[in-house]
Amino acid sequence: MNKRPLALASVAAAAALVLSACGGSSTGGSGDAGSAGGASQELTLATMAVDTTPQAAAAKWFFEELDTRTEGRITVDVTGPEEICKAAEIAECVRDGRADLGVGVADYTAQLFPGEVIVSVPFLSDSSQQAVMNALFEAHKQHEGSQAKWDDIGLVPVAHWPAGRLTLGSQEEVRDITDIDGMKWRVSGPFLVKAFEEINGNPVSMPSSETYEALQRGVAEAAAFAIDGAVDYKLVELLPEWTDPGVGHYNTFGMWLNKDTYDSFSDEDKKIFDELRDEFNGGKGMELFAEGAKDQCQFMMDHPNVSNFKQWDESATKEWSDKVGDTLIEEWISSAEGNGLTDARAFYEIYAGLVKDVTADDLAKDPVIACVKSFETR
């Protein structure tokens with residue numbers, strides 16, 4: 001996939017818009033909605049996913065399949081992490097046409113994705129990654145308010161998947177909420193921040209890429225992160241103690257397509273895209289994520305600075321969960337409706353019902369839970 005200058009793409013997009021007076025992608029390939037094949041298009045990706053992460057591996061498969069299934073009519077220029085836009089700006093970059101596709105954390109622009117940030121409510125999504133991914137996809141399809149919100153922001157949802165269960169990395173072992181008390185924690189997501197504040201943690205918010213330096217400088221003392229933080233952002237070099245506190249999944253990576261770009265696809269290519277999206281959400285995405293994550297645990301086990309990777313006792317998790325109660329669910333409902341999600345309570349009820357649809361065997365396959373077991377038996 002050859003890269004091309006963004007400025008040239010913008011000029012091409014403007015020219016295509018003027019000449020055709022209809023929506024088109026930033027590549028200038030407007031496509032013929034009534035034709036069998038449509039015009040060839042190269043879509044520009046804006047991403048924050050580091051190349052070695054499971055997120056990048058899953059997205060790469062999607063792009064390659066799109067190329068193959070459209071017989072080369074739709075290809076993706078996979079730019080480097082934050083090459084086009086900073087992490088917090090990626091969704092806006094896709095909305096305004098600087099990029100056609102985006103991969104980033106939904107929480108960074110929570111006002112655009114009020115439904116999807118429901119995963120950020122602590123203790124609600126203590127399930128398998130596939131159950132969470134499927135619940136988000138199905139809730140969107142069943143909830144008219146969610147569909148209306150996406151139309152309003154001018155994006156087409158491709159998929160949202162959890163970055164992984166929340167893990168805590170620290171200098172000393174963290175066994176319960178008393179060990180969090182008073183420490184400066186790198187935390188991502190408004191609801192997780194409030195959960196830390198509820199137990200007297202001192203949350204410090206920052207993008208993933210800035211965490212290592214923040215820990216070096218003492219801006220943060222410890223980190224609340226998916227396992228990617230330990231491995232791909234090299235936090236194991238600074239933090240030897242790791243644990244799963246039982247919070248569950250706490251954020252999502254999203255993949256979004258500019259709606260004008262989607263509208264520019266031919267009917268045939270829209271059908272291919274929609275079928276690929278269904279397959280990706282229906283199990284393939286998390287299968288690829290798990291494959292990409294398979295080496296992360298071994299990396300941690302082999303790293304000389306990692307002392308432990310444990311899981312909190314259920315009683316310790318319950319103590320934190322009881323402190324939070326239902327307050328954050330109600331705050332999410334209020335926030336989501338304030339950000340344009342009509343009847344957010346109905347969305348919550350759909351999601352909460354679907355996300356619990358998971359077996360013990362599925363949960364045992366989670367990369368973090370499996371890794372804790374590996375540490376216990378080594």
Side-chain angles (χ1 to χ4, degrees), residues 52-55 57 122-132 161-181 183 185-187 192 195-196 199 201 211 215 221-251 286-323 355-356 358-378:
T52 55
T53 62
Q55 287 84 8
F123 308 104
L124 176 60
S125 302
D126 186 15
S127 189
S128 73
Q129 288 179 301
Q130 181 54 52
V132 174
W161 61 92
R165 291 175 66 85
L166 182 74
T167 63
L168 306 180
S170 54
Q171 290 289 337
E172 304 293 335
E173 186 177 355
V174 174
R175 295 159 294 186
D176 53 37
I177 60 175
T178 61
D179 293 329
I180 291 176
D181 192 341
M183 290 180 63
W185 288 85
R186 180 273 178 186
V187 177
L192 188 59
F196 269 79
I199 56 173
T211 305
L215 289 165
E221 299 171 85
F225 224 117
I227 196 172
D228 294 350
V231 178
D232 297 296
Y233 291 94
K234 305 185 187 305
L235 301 188
V236 290
E237 296 177 358
L238 305 174
L239 306 173
E241 295 284 345
W242 291 84
T243 188
D244 173 1
V247 169
H249 300 286
Y250 69 103
N251 71 359
M286 286 300 92
E287 176 188 323
L288 293 158
F289 185 99
E291 183 178 341
K294 65 183 179 181
D295 295 328
Q296 291 183 319
C297 184
Q298 192 62 49
F299 176 89
M300 292 186 71
M301 294 182 72
D302 292 342
H303 199 283
N305 195 48
V306 176
S307 301
N308 290 300
F309 194 4
K310 297 183 177 182
Q311 192 169 32
W312 279 14
D313 291 337
E314 289 185 10
S315 60
T317 299
K318 186 176 185 302
E319 184 180 14
W320 193 0
S321 178
D322 287 347
K323 287 273 190 181
V355 79
K356 295 176 182 177
V358 61
T359 67
D361 287 343
D362 286 337
L363 195 56
K365 296 175 185 176
D366 182 276
V368 168
I369 293 175
C371 194
V372 168
K373 297 298 183 185
S374 295
F375 268 80
E376 289 176 352
T377 58
R378 65 175 177 172

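Just so you know, these numbers use all the heavy atoms, side chains as well, and skip hydrogens, waters and symmetry mates.
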Does the side chain of Arg165 reach to within under 4.5 Å of the side chain of Ile369, using non-hydrogen atoms?
yes
Please enumerate all residues that pass side-chain hydrogen bond (donor to acceptor under 3.5 Å, both in side chains) together with Lys234, with sequence neighbours excluded.
none
Working to the nearest 0.5 angstrom, can you tell me the gap between Phe123 CZ and Ser321 OG?
5.0 Å
Quick check: do Ser125 and Val132 have side-chain heavy atoms less than 4.5 Å from each other?
yes
If you take all heavy atoms of Ala131 and Ser128, which pair is closest and at what distance?
N-OG, 3.0 Å
Anything under 30° is parallel, anything over 60° is perpendicular, the rest tilted; go ahead and classify Phe196 against Trp320.
perpendicular
Validation row: Asp126, Val247 side chains within 4.5 angstrom (heavy atoms)
no
So CG of Leu168 and CH2 of Trp312: to nearest 0.5 Å the spacing works out to 6.0 Å
Check Glu221 with Arg186, please: is the shortest side-chain N to carboxylate O separation under 4.0 Å?
no
Only one of Gln129, Gln55, Gln130 forms a side chain to side chain contact (heavy atoms under 4.5 Å, CB included) with Trp161, so which one is it?
Gln55
Do Pro54 and Asp228 come within less than 4.5 Å of each other through their side chains, counting heavy atoms only?
yes
CD on Gln298 to NE2 on His303, rounded to 0.5 Å
13.0 Å
Hey, could you give me the CZ/OG1 distance between Phe289 and Thr53, rounded to the nearest 0.5 Å?
8.0 Å
Using side-chain heavy atoms (C-beta onward) and a distance below 4.5 Å, is Phe299 in contact with Ile227?
no
Grab the two heavy atoms, one from Gly246 and one from Thr317, that are nearest each other, plus how far apart they are.
O-CG2, 3.6 Å
Starting at CG of Asp302, measure out to SG of Cys297 and round the result to the nearest 0.5 Å.
9.0 Å
Would you please name every residue forming a salt bridge (Lys or Arg N to Asp or Glu O under 4.0 Å) with Glu237, sequence neighbours left out?
none
Residue pair Asp313, Lys318: steps toward the salt bridge (Lys or Arg N to Asp or Glu O under 4.0 Å) verdict
CA-CA 9 Å; Asp313 291 337; Lys318 186 176 185 302; over 6 Å; no
Any side-chain heavy atom of Val174 sitting closer than 4.5 Å to one from Ile180?
yes
If the condition is side-chain hydrogen bond (donor to acceptor under 3.5 Å, both in side chains), which residues does Gln311 pass it with, not counting sequence neighbours?
Asp244
Would you say Phe225 and Leu166 make side-chain contact, with heavy atoms under 4.5 Å?
no
What residues form a ring-ring contact (aromatic ring centres under 6.0 Å, His included) with Tyr250, not counting sequence neighbours?
none
For Leu239 and Trp242, run side-chain contact (heavy atoms from CB on, under 4.5 Å): C-alpha distance rounded to whole Å, both residues' side-chain angles, the deciding distance at 0.1 Å, then the answer.
CA-CA 8 Å; Leu239 306 173; Trp242 291 84; 4.1 Å; yes
Please check if the side chain of Ser307 supplies one atom and the backbone of Glu241 the other of a donor-acceptor pair under 3.5 Å.
no
Under the side-chain contact (heavy atoms from CB on, under 4.5 Å) rule, what do Val236 and Asn305 come out as? Steps first, then yes or no, please.
CA-CA 7 Å; Val236 290; Asn305 195 48; 5.6 Å; no
May I ask you to check whether over 12 heavy atoms, not counting those of Gln171, lie within 6.0 Å of atom CD?
yes
Considering non-hydrogen atoms only, spot the tightest contact between Met183 and Ala222 and give its length.
CE-CB, 3.7 Å
Do Met300 and Val231 touch side chain to side chain, with heavy atoms closer than 4.5 Å?
yes
Could you pull out all residues at least two apart from Lys356 that satisfy salt bridge (Lys or Arg N to Asp or Glu O under 4.0 Å)?
none
Please name the pair of heavy atoms, one in Ser170 and one in Trp185, separated by the smallest distance, quoted to 0.1 Å.
CB-CH2, 4.4 Å
Is there a donor-acceptor pair under 3.5 Å between the side chain of Thr243 and the backbone N or O of Lys310?
yes
Across all chains, not counting sequence neighbours, the side-chain hydrogen bond (donor to acceptor under 3.5 Å, both in side chains) partners of Asp232 are Thr52, Gln296
May I have the step-by-step check of side-chain contact (heavy atoms from CB on, under 4.5 Å) for Asp181 and Ile199, ending in yes or no?
CA-CA 6 Å; Asp181 192 341; Ile199 56 173; over 6 Å; no
